[in-house]
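So the structure is just underneath, and the comments pick up after that.
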Amino acid sequence: MITAIGRRGLRRLFDIGVFQRLALVALARSAGFSLSEIAAFLRSDQTSSVDGDILRAKAAKIDHQIHMLQQVRDGLLHVAECPEPSHFECPRFQKMMRIAAKKQARAVQR
């Protein structure tokens, strides 16, 4: 993804634009992009060309993950504060267990 422009002794020399590319790589990694995905939208001519569709798809995936994590958080808080004598007697906990079991079964089938 980056290329040296020369050497000075054992040190490689890089164009100033390399720092921008590295910053873009760091930003993309923090958004959950893999290195191969990042390489796909960084062209070899040292300019970046990011496909808007790829970014929108990643944003949608992150939104889905946020939604799922919010549900997990809400479920954990409910279980922690549930007044039932046993979690297994709680209808909401039972529903969460059924949903988790269905998701697990679908994952195993794939």
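FYI, side chains are in, hydrogens and waters are out, and symmetry mates aren't considered; it's all heavy atoms of this structure. What you are looking at is a predicted structure, and each value in this text was computed from that prediction instead of being measured. In this chain, residues are counted from 1 in sequence order.
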_Matching residue for Met96 among Val79, Leu76, Asp74, Val72 - test: side chain to side chain contact (heavy atoms under 4.5 Å, CB included)_ = Val79
*If Ile, Leu, Val, Met, Phe, Trp and Tyr residues are connected whenever their side-chain heavy atoms lie under 4.5 Å apart, and connections chain through other members, are Met68 and Met97 in the same group?*
no
_Contact list for residues 75-94, test salt bridge (Lys or Arg N to Asp or Glu O under 4.0 Å), sequence neighbours left out_ = none
*Residue list, side chain to side chain donor-acceptor pair (under 3.5 Å) with Ser34, at least two apart or on another chain*: Ser36, Glu37
*Name all residues meeting the ring pair (Phe, Tyr, Trp, His ring centres under 6.0 Å) criterion together with Phe93; count only those two or more places apart in sequence or in a different chain, and write none if there are none.*
His87, Phe88
*Quick one: do Ile54 and Ile62 end up in the same hydrophobic cluster if we chain Ile, Leu, Val, Met, Phe, Trp and Tyr together by side-chain heavy atoms under 4.5 Å apart?*
no
*Please list, chain by chain and in numerical order, all residues satisfying side chain to side chain donor-acceptor pair (under 3.5 Å) with Arg56, sequence neighbours excluded.*
Asp53
*Would you name the heavy atoms of Cys90 and His78 that are closest together and state the gap between them?*
SG-NE2, 3.1 Å
*Tell me, which pairs form a side chain to side chain donor-acceptor pair (under 3.5 Å) where one or both residues lie in residues 61-73, sequence neighbours left out?*
His67-Gln71
*asked:* Within this structure, what is the CD-CG distance for the pair Gln20 and Leu27, rounded to the nearest 0.5 Å?
replied: 13.0 Å
*Please round to the nearest 0.5 Å and tell me the distance separating atom CG of Leu22 and atom CZ of Arg29.*
13.0 Å
*Could I get the full list of side-chain contact (heavy atoms from CB on, under 4.5 Å) partners for Arg98, not counting sequence neighbours?*
Gln94, Lys95
*Could you state whether Leu24 and Leu55 fall into the same hydrophobic cluster, counting links through intermediate Ile, Leu, Val, Met, Phe, Trp or Tyr residues with side-chain heavy atoms under 4.5 angstrom apart?*
yes
